[in-house]
Undergrad: 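Provided herewith is a single structure, encoded as structure tokens, for subsequent inquiry.
Numbered from 1 within each chain, the chains take letters A, B, ... in sequence-line order. Worth saying up front: this structure is predicted, and the values here are computed from it rather than measured. Both backbone and side-chain heavy atoms feed into the values below; hydrogens, waters and symmetry mates do not.
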Amino acid sequence: MDNLFSEGLTLMAFGMGFVFVFLTLLVFATGIMSRLASRYLPEPAAKAPKARPQPAAAGTASNNDELVAVITAAVHKYRK
Amino acid sequence: MDNLFSEGLTLMAFGMGFVFVFLTLLVFATGIMSRLASRYLPEPAAKAPKARPQPAAAGTASNNDELVAVITAAVHKYRK
Amino acid sequence: MDNLFSEGLTLMAFGMGFVFVFLTLLVFATGIMSRLASRYLPEPAAKAPKARPQPAAAGTASNNDELVAVITAAVHKYRK
Amino acid sequence: MEKLLELWQASGIYNISFGQLTMMIIGLVLLFLAIRKNFEPLLLVPIGFGGILANIPEAGLAMSAVENAIHFAKPEVLQNLAHVLGVSGTDVHELAHVYHNSNASTHAAAALVAQDAGYSNGMLYNFYTIAIASGAAPLLIFMGVGAMTDFGPLLANPKTLFLGAAAQFGIFATVLGAVALSAFGIMDFSIQDAAAIGIIGGADGPTAIYVASMLAPHLLGAIAVAAYSYMALVPLIQPPIMRALTTEAERKISMSQLRHVSKVEKIMFPILLLILVALLLPDAAPLLGMFCFGNLMRECGVVDRLSDTAQNALINIVTIFLGLSVGSKLSADKFLDLQTLGILVLGIVAFGIGTACGVLMGKLMNKMQGGNAINPLIGSAGVSAVPMAARVSNKLGLEANPQNFLLMHAMGPNVAGVIGSAVAAGVMIKFVG
Amino acid sequence: MEKLLELWQASGIYNISFGQLTMMIIGLVLLFLAIRKNFEPLLLVPIGFGGILANIPEAGLAMSAVENAIHFAKPEVLQNLAHVLGVSGTDVHELAHVYHNSNASTHAAAALVAQDAGYSNGMLYNFYTIAIASGAAPLLIFMGVGAMTDFGPLLANPKTLFLGAAAQFGIFATVLGAVALSAFGIMDFSIQDAAAIGIIGGADGPTAIYVASMLAPHLLGAIAVAAYSYMALVPLIQPPIMRALTTEAERKISMSQLRHVSKVEKIMFPILLLILVALLLPDAAPLLGMFCFGNLMRECGVVDRLSDTAQNALINIVTIFLGLSVGSKLSADKFLDLQTLGILVLGIVAFGIGTACGVLMGKLMNKMQGGNAINPLIGSAGVSAVPMAARVSNKLGLEANPQNFLLMHAMGPNVAGVIGSAVAAGVMIKFVG
Amino acid sequence: MEKLLELWQASGIYNISFGQLTMMIIGLVLLFLAIRKNFEPLLLVPIGFGGILANIPEAGLAMSAVENAIHFAKPEVLQNLAHVLGVSGTDVHELAHVYHNSNASTHAAAALVAQDAGYSNGMLYNFYTIAIASGAAPLLIFMGVGAMTDFGPLLANPKTLFLGAAAQFGIFATVLGAVALSAFGIMDFSIQDAAAIGIIGGADGPTAIYVASMLAPHLLGAIAVAAYSYMALVPLIQPPIMRALTTEAERKISMSQLRHVSKVEKIMFPILLLILVALLLPDAAPLLGMFCFGNLMRECGVVDRLSDTAQNALINIVTIFLGLSVGSKLSADKFLDLQTLGILVLGIVAFGIGTACGVLMGKLMNKMQGGNAINPLIGSAGVSAVPMAARVSNKLGLEANPQNFLLMHAMGPNVAGVIGSAVAAGVMIKFVG
Ligand code: NA
Ligand code: NA
Ligand code: NA
């Protein structure tokens, strides 16, 4: 009986302790990260990537390409 | 030979018998259910639930919430 | 050492050889297929099938049917 | 030069057997029927393609690791397998025969030997094991079908359930036909085979595959192909029978509009059906349980995202695997057999008898209700083949009377037929499974 | 006639036990709560339905092949099983008991015997093995939840993580309560059971199922039902506690608008969290790893098609299987037990203590920051139950001050609570797993 | 206090090895390349994240149950394992070594021992077993790619298949390079390793993963990372080679518009390709069979819901699991090796040679057709890397002549390259598999 109860107490002490330690560290790490991000990687720079529309895994974007090709070919003819 | 054929006959007799018994019971049960439903749970009452839009399994509806919060904050400011 | 290298050489010779034989056969087969297709199965005939809208695997298209039935019933009444 | 010979001797042309060639042509015919003739393409395209893949010589896509090991017949591997299987010689036919008739632990031991020798299960064999042998794929498809089914017309007129019951006579008459063929020595079907063949008359793909996988896996390919082909042929098979058994006057009967069915009734019906199944026929519980679950998700209105997935992404994924897996059973040694011919003949007989019984029951019910209440044409929809059979009823009704719209009335027996054949499946699994 | 008797003796009515009947009614009640009362329907509809399926007599849907073989008790099968299990007699209860306590190789051998005798695993048993026993389903749901979670409010005010930490006290207090019940001889919970019960207080379905499947699979059904039911009851459980612990003045506190959070911060947060987990608590790595992966897919902006699938098709498919699998644990012999009552009581205590600690921590933080910066009502959201608990905070805030919009401020502790209970889960798996 | 020590000694910081730290940094670099530099993010985000997860100390996510049991080294568990593995001592390195070299039945027995001791397979290990070791994931991705591929440009000008053939020389030249490195004692690659490395030059992710999983699973991580990285680098790697090998006049060649390709041709092409594969190279049947199946579903027009699922939900789900599974092979002991450096160098050589051979074949074909019919720039697209390589051809064409649109002309060799490398894969599996 005593044994089980003390196990429970230990679990509570270490569990809550660990949760607080972990989340406290996370508070600090997040703060540092946010400060670094706002200093070295301000918003506009961050928005620059992610331009290209994504094809599927190793897939073909041939539909788009076809469209592009058709349009460009049309433009090409028109200019002649 | 006889044995296989009589097995087939038994299967037919019991199979068709059971199908009819089962579906007859279902006809009666459905009839009773429909009568009970129309008496005790008429249509308008039945429509009442299913109001809340459903979030994903244990998920966050933060997008909606964000929208709501932005709008309410805007309204809030405007009124000041 | 010699053995491994000769294995590599064999693999290269047979591999490239086979790739070329295979794709050459494919060029010819494709050419024949295209010619047969354009002669015996010209475009309009090819477009004919695929009319029916597809229900799910063994599924019910009862929604469409319901719509059709409601509309036809309405037309029916109107004409009386 | 030696390598060139090796490549040639490993090629398909060198190894192809007449049976494999025939099966590949049959696969192409199935693809043609599916693509050009619109024969249940969602199933017959994967089945046909899977059939071709399964018969590619030397690729062993539909074979287990042990079968592949026996096929390639390296002496030391055969000796190890013979040791595990308890066979004295290393004759490949004897090994294959003993392997197929050995128990589960011997199977497992042989699989380890083949794996050690570097052989692995073919892709289609794996798909079959996971999708069909486990029973999962037909059940998941049934869940999706449940999520697509509207029981409204059935609830508006529950008596149409009798039409769905009568049409199941096709199943059992065919069972009798199959055992008769065996009894007279024409074919060699066991009672299990006969039951699995009969279920073709249920006109329900997943039910047929589920029953065949449990009672007669060696006939699964032929049964599935027959079931889906005849379902596609419903517009050709049913009309002559329907015309022969009804009078012009009967076909002209116009049915009164169906009453409105409330949401509560639709929610409670799948639960009611589940309880009846649970109390009366536990062997039908997997099939009808998943069907009711799908339907409850559809109707309850609070899990629409699950219902949508069950009707789309999930059923499509499962259909792909199910079709390829069925195709894996189209191997020459099992399909090119007199039995397949028997299955095809019995299958169409089953469809015909089911249609006839449905129509006759419709005539009987019409007579009992005064002769002007029920158009017997809706009886044929009791075989299921949802929604094709209901459309056929509607078409014949319009032919007789251009103001006669039977579609919604035929949807009742149509979905009743799904329940009916699942109940019949449960009875057969109970008695001969 | 004999067959008729056989059919009757195999029917559900003939075989149903009182426990099975009770469990089927409980399943119906769960469906009622889910459909009519909107109790977390996405989980409780499949769980309730699965519970009914699992209790259909003779169907054995939730039983393994060996359990089915023992249930049907054919003498020669029992003898073979007794041989494999090393038991002298063929008493079914003894066989079942020895089977459940035997090691993995004996299990495998018994499974082969049952398979040879023609028995197979029930459908729900297979689903449970693949979805839950492997740990896969809760982890994939957690990935999807990660892909749906916006850490913006948390990043704007990281101190709200403390609120998410405080609310986890409910978990550990409940563990203590459970061991106390055992210590005083009222119940009989092991420390593993106690830990699994405590996690109900985490108010996070997938975390609760994951922990229960590892520490106390026999309690999984009751724990999952309690967790989802109480999450649905959050709007009833939390408000009285929140009102009792706060003053009117505190509830009126208006919080300043959250700062804008940049895309880079949102991308880096899941990586930062993953690294902290990796360095400090590897046992939480599966749960938080998948959560962070889902969130990174959401925020990184270059894999939107994967993120969409994780939030829709994949999470829906997994939810269907997870729900049915949890339902398979609602068998009479495990659920109809005093322990379940204990679990239900302890679960609600856990929710209450978690709520209270969150609010008290909110009061403390408010005091430390001058008394007008933090509305303690957002503390209760630290239990998670996303987004219900945050909505409750918002509602009580609006009651006190109609201009007081707490929703976004409460989302911070709300998602912090998800992290907090996953960390708590990791600690418990580490210490008692 | 003791518990505190235990917690500390089980933490990542305490246990992390230099190799694990390095691999976690490599994982972060892959994430950076994927997210910021758009290096094939759909694969490299899951691979990079999986690599980090696999290297979390003590979590054992990429390890089997037996490896985890050996890692935690409880004396009695080690003794049981030693007994099963037939080792006298309990030295962990010896046990691990014997385990990795033991046969399938010993593996199975060791797994049961580990399971009895409470150890289980890591999550990523399970994903790898199901997704990659079975061969399923690359094949399903290939099916999806087939469903996304338009063979129109290829059918309009089938001779571009020769360009796709020529570019495969990169694969075999690299095989020769790898065996040369071994022959001169610089590296230690077997012929299987060499073949798997060569396939990087095929510029096709799923093909590379499929071949590597069959011929050299220990190199899979490095090969997959190299393949996807170089595919992302195609716009940097190819242009200098293309400019060096062509004259300004050649780059200016304008190609005549492609003829219209009928629907029937598009439907028949995948069937034709399948038959050729079946007859000539059964070892390529799984890869090209699934590719043709996907393409047939796309083109046949009667199974659009299956085709949509294959291109979206299914390929996305499989990509998530494939990526994480590949990441599980990024363990320090396998990746931080001189071999990886060799693989990276050989991989880029393969890309370069393939590009060059494609361009040279283009020049040859142009000469043979009068010197003004084929722009050699489209030859480089023969390596595949669909559609990146075709875009590069188009871009260089526009540079030389702003009216010169090569995109559609380059799509022909581009998809021909996919077929070409699958054929090459089949030959290598046949000869050295
Ligand atoms: Na039917
Ligand atoms: Na929580
Ligand atoms: Na290629």
Side-chain angles (χ1 to χ4, degrees), chain D residues 3 6-8 10-16 20 24 27-28 31 34-36 38-46 48-50 52-53 55-61 108-109 111-118 120-124 126-127 130 309 312-317 319-321 323-324, chain F residues 102-109 130 133-136 139-140 143-144 147 214 263-264 267-268 270-271 274-290 292-294 296-297 299-310 312-314 316-318 426-427 430-431 433:
Chain D
K3 288 263 173 184
E6 196 184 307
L7 197 60
W8 165 244
S11 76
I13 302 183
Y14 184 87
N15 287 284
I16 200 163
Q20 288 170 323
M24 289 176 81
L28 291 173
L31 288 179
I35 296 172
R36 288 297 290 258
N38 247 306
F39 268 39
E40 295 283 335
L42 290 168
L43 267 297
L44 286 187
V45 166
F49 206 95
I52 299 175
L53 289 177
N55 284 285
I56 296 179
E58 304 297 287
L61 290 175
L112 290 171
V113 167
Q115 207 179 318
D116 276 333
S120 53
N121 295 331
M123 176 190 68
L124 296 178
N126 281 336
F127 288 176
I130 293 168
T309 296
N312 293 293
L314 184 52
I315 201 173
N316 291 342
I317 292 171
T319 301
I320 291 173
F321 288 108
L324 291 174
Chain F
S102 62
N103 66 10
S105 26
T106 310
H107 255 75
I130 293 169
S134 73
L139 295 179
L140 291 175
M143 177 175 79
M214 294 188 79
K263 198 74 198 149
V264 176
I267 294 175
M268 288 179 65
I271 297 174
L274 175 71
I275 293 172
L276 263 185
V277 171
L279 295 183
L280 296 180
L281 189 64
D283 291 280
L287 272 176
L288 282 173
M290 290 306 269
C292 291
F293 179 52
L296 180 65
M297 288 198 290
E299 300 295 355
C300 73
V302 290
V303 295
D304 289 345
R305 48 183 294 159
L306 301 186
S307 169
D308 286 348
T309 296
N312 292 293
L314 184 52
N316 291 342
I317 292 172
V318 175
V427 175
K430 168 78 214 130
F431 277 131

Undergrad: Could you give the distance from CD1 (F:Ile130) to CG (D:Asn126), rounded to the nearest 0.5 Å?
TA: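 Going from CD1 on F:Ile130 over to CG on D:Asn126, the span is 11.5 Å.
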
Undergrad: Below 4.5 Å from any heavy atom of chain F, which atoms of D:Ala109 appear? Answer side chain, backbone, both or neither.
TA: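 Neither part.
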
Undergrad: Testing D:Asn316, D:Leu43, D:Val45 for side chain to side chain contact (heavy atoms under 4.5 Å, CB included) with F:Leu306, which one passes?
TA: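 Among D:Asn316, D:Leu43, D:Val45, the one meeting side chain to side chain contact (heavy atoms under 4.5 Å, CB included) with F:Leu306 is D:Asn316.
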
Undergrad: Between chain F and each of D:Ile320, D:Leu314, D:Leu124, D:Ile16, count heavy-atom pairs under 4.5 Å; write down the option with the most.
TA: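 Option with the greatest count: D:Ile320.
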
Undergrad: Can you say whether D:Leu324 sits under 4.5 Å from chain F via the side chain, the backbone, both, or neither, judging by heavy atoms?
TA: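 For D:Leu324, side-chain heavy atoms alone lie under 4.5 Å from chain F.
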
Undergrad: What's the spacing between D:Ile52 CD1 and F:Ile271 CD1 if we round to 0.5 Å?
TA: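 Rounded to the nearest 0.5 Å, the CD1-CD1 separation comes to 6.5 Å.
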
Undergrad: Looking at CG of D:Leu61 and CE of F:Met290, how far apart are the two atoms once the value is rounded to the nearest 0.5 Å?
TA: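 These two atoms lie 10.0 Å from each other.
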
Undergrad: Roughly how far apart are F:Met297 CE and D:Ile35 CD1, rounded to 0.5 Å?
TA: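 One gets 11.5 Å once the value is rounded to the nearest 0.5 Å.
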
Undergrad: In Å, rounded to the nearest 0.5 Å, how long is the span from CD1 of D:Ile315 to CZ of F:Arg305?
TA: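 One gets 6.0 Å once the value is rounded to the nearest 0.5 Å.
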
Undergrad: Tell me, side chain or backbone of D:Asn15 under 4.5 Å from chain F's heavy atoms, or both, or neither?
TA: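 Contact with chain F: none, neither part.
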
Undergrad: For F:Asn103, which atoms come within 4.5 Å of any heavy atom of chain D: side chain, backbone, both, or neither?
TA: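 Contact with chain D: backbone and side chain both.
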
Undergrad: Given that the side chain runs from C-beta out, which part of D:Ile317 has a heavy atom under 4.5 Å from chain F: side chain, backbone, both or neither?
TA: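 Both parts, backbone and side chain.
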
Undergrad: For chain F, which of D:Pro57, D:Ser120, D:Gly50, D:Gly323 has the most heavy-atom pairs under 4.5 Å?
TA: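 So the answer, after comparing D:Pro57, D:Ser120, D:Gly50, D:Gly323, is D:Pro57.
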
Undergrad: With side chains defined as the heavy atoms from C-beta onward, is the minimum distance between D:Ile56 and F:Leu274 less than 4.5 Å?
TA: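 They are in side-chain contact.
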
Undergrad: Quick one: does F:Thr309's side chain get under 4.5 Å of D:Asn312's, heavy atoms only?
TA: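 In short, these two side chains do not touch, never coming nearer than 4.5 Å.
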
Undergrad: Calculate, to the nearest 0.5 Å, the distance between atoms CH2 and CG belonging to D:Trp8 and F:Leu280 respectively.
TA: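 With rounding to 0.5 Å, CH2 (D:Trp8) is 8.5 Å from CG (F:Leu280).
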
Undergrad: Can you tell me which of F:Ala285, F:Ala136, F:Ser105, F:Pro286 forms the most heavy-atom pairs within a distance under 4.5 Å of chain D?
TA: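 The answer is F:Ser105.
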
Undergrad: Compare every heavy atom of F:Val302 with every heavy atom of D:Leu42, then report the nearest pair and how far apart it is.
TA: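 What the structure gives for the nearest pair is CD2-O, 4.5 Å.
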
Undergrad: Using a cut-off of under 4.5 Å on heavy-atom pairs, state which of D:Gly118, D:Ala59, D:Ala108 scores highest against chain F.
TA: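 Sorted descending by pairs with chain F, the first entry is D:Ala59.
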
Undergrad: When only pairs under 4.5 Å are counted, which of F:Leu140, F:Val427, F:Val277, F:Asp283 shares the most heavy-atom pairs with chain D?
TA: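 It is F:Leu140.
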
Undergrad: When heavy-atom pairs shorter than 4.5 Å are enumerated against chain D, which of F:Leu296, F:Ile267, F:Ile275 gives the highest number?
TA: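 Top option by heavy-atom pairs under 4.5 Å: F:Leu296.
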
Undergrad: Quick one: what part of D:Leu53 sits under 4.5 Å from any heavy atom of chain F, side chain, backbone, both or neither?
TA: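 Contact with chain F is through the side chain of D:Leu53 alone.
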
Undergrad: Among D:Phe321, D:Phe49, D:Phe127, which one satisfies ring-ring contact (aromatic ring centres under 6.0 Å, His included) with F:Phe293?
TA: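 When D:Phe321, D:Phe49, D:Phe127 are each tested with F:Phe293, the ring-ring contact (aromatic ring centres under 6.0 Å, His included) holds only for D:Phe49.
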
Undergrad: Which bit of D:Leu31 is near chain F, if near means a heavy-atom gap under 4.5 Å: side chain, backbone, both or neither?
TA: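 Interface part for D:Leu31: side chain.
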
